[in-house]
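Just below is one structure, and these are the notes that go with it.
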Amino acid sequence: MSVTALAAVAVSVPVTVLGYLVTQAALGSHGSSLGASGVPRALAGAVVYLTLMCLFSAGVAAIARNAVVPLAVLLPMVLAGTHLLSLVGATRELARYFPDQAGNALLTVRSPHTAFGFTVLLAWTAAALGWGWARQRRWDG
């Protein structure tokens, strides 16, 4: 998992910065610079988010002992499931506790919920990695 985390950081840092710069260039005069208020924290949050989601996915793969299960579970969850839950009034509060929605606070400039989002995402990641470790240890005994 250390190698997975290092690979995730090595990829997410340049991708995050490059993605931000391309987006801001496309926005032209409406864009902002790398040094604008809150931007460095949001970019660092994006790296943390991508790294923790990568580790969370690796933990789910370790639990399932199959690479297809995390794709089948996490892609619909991240792309549509929890986003739809966050739009409905009755489930909006519940959606905040899913890893992708909690992690969104890390990406947002001037988010008042950064610490909450980080804590929730870290808890999901630790739980997946812990459960994955226990399953691997039991199976490989």
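Leu85 places none of its side-chain heavy atoms less than 4.5 Å from the side chain of Arg92. In this structure, Thr114 and Arg41 have side chains that are in contact, with non-hydrogen atoms separated by less than 4.5 Å. Using a 4.5 Å heavy-atom cutoff, the side chains of Asp100 and Met53 are in contact.
Under the 4.5 Å side-chain heavy-atom criterion for Ile, Leu, Val, Met, Phe, Trp and Tyr, Phe98 and Ile63 are members of distinct hydrophobic clusters. Val47 and Val39 fall into different hydrophobic clusters, defined by Ile, Leu, Val, Met, Phe, Trp and Tyr side-chain heavy atoms under 4.5 Å apart, directly or through other members.
A donor-acceptor pair under 3.5 Å is absent between the side-chain atoms of Thr4 and the main chain of Leu55, judged by distance alone. Tyr49 contributes no side-chain N or O that, together with a main-chain N or O of Ala102, makes up a donor-acceptor pair within less than 3.5 Å. Side-chain atoms of Gln24 come within 3.5 Å of backbone atoms of Ser32 as a donor-acceptor pair (strictly under, hydrogens ignored).
Results of the side-chain contact (heavy atoms from CB on, under 4.5 Å) test with Val48 over Leu122, Leu106, Leu121 single out Leu106 as the only residue that passes. Evaluated for a side-chain contact (heavy atoms from CB on, under 4.5 Å) with Thr51, the options Val13, Val11, Val9 yield exactly one hit, Val9.
Under the rule for a side-chain hydrogen bond (donor to acceptor under 3.5 Å, both in side chains), Asn104 has no partner lying at least two apart in sequence or in another chain. Partners of Arg65 according to the salt bridge (charged side-chain N to carboxylate O under 4.0 Å, His left out) rule, which considers only residues two or more places apart in sequence or in another chain, are Asp140.
For residues 105-131, the ring-ring contact (aromatic ring centres under 6.0 Å, His included) pairs, not counting sequence neighbours, are Phe56-Trp124, Tyr97-Phe116.
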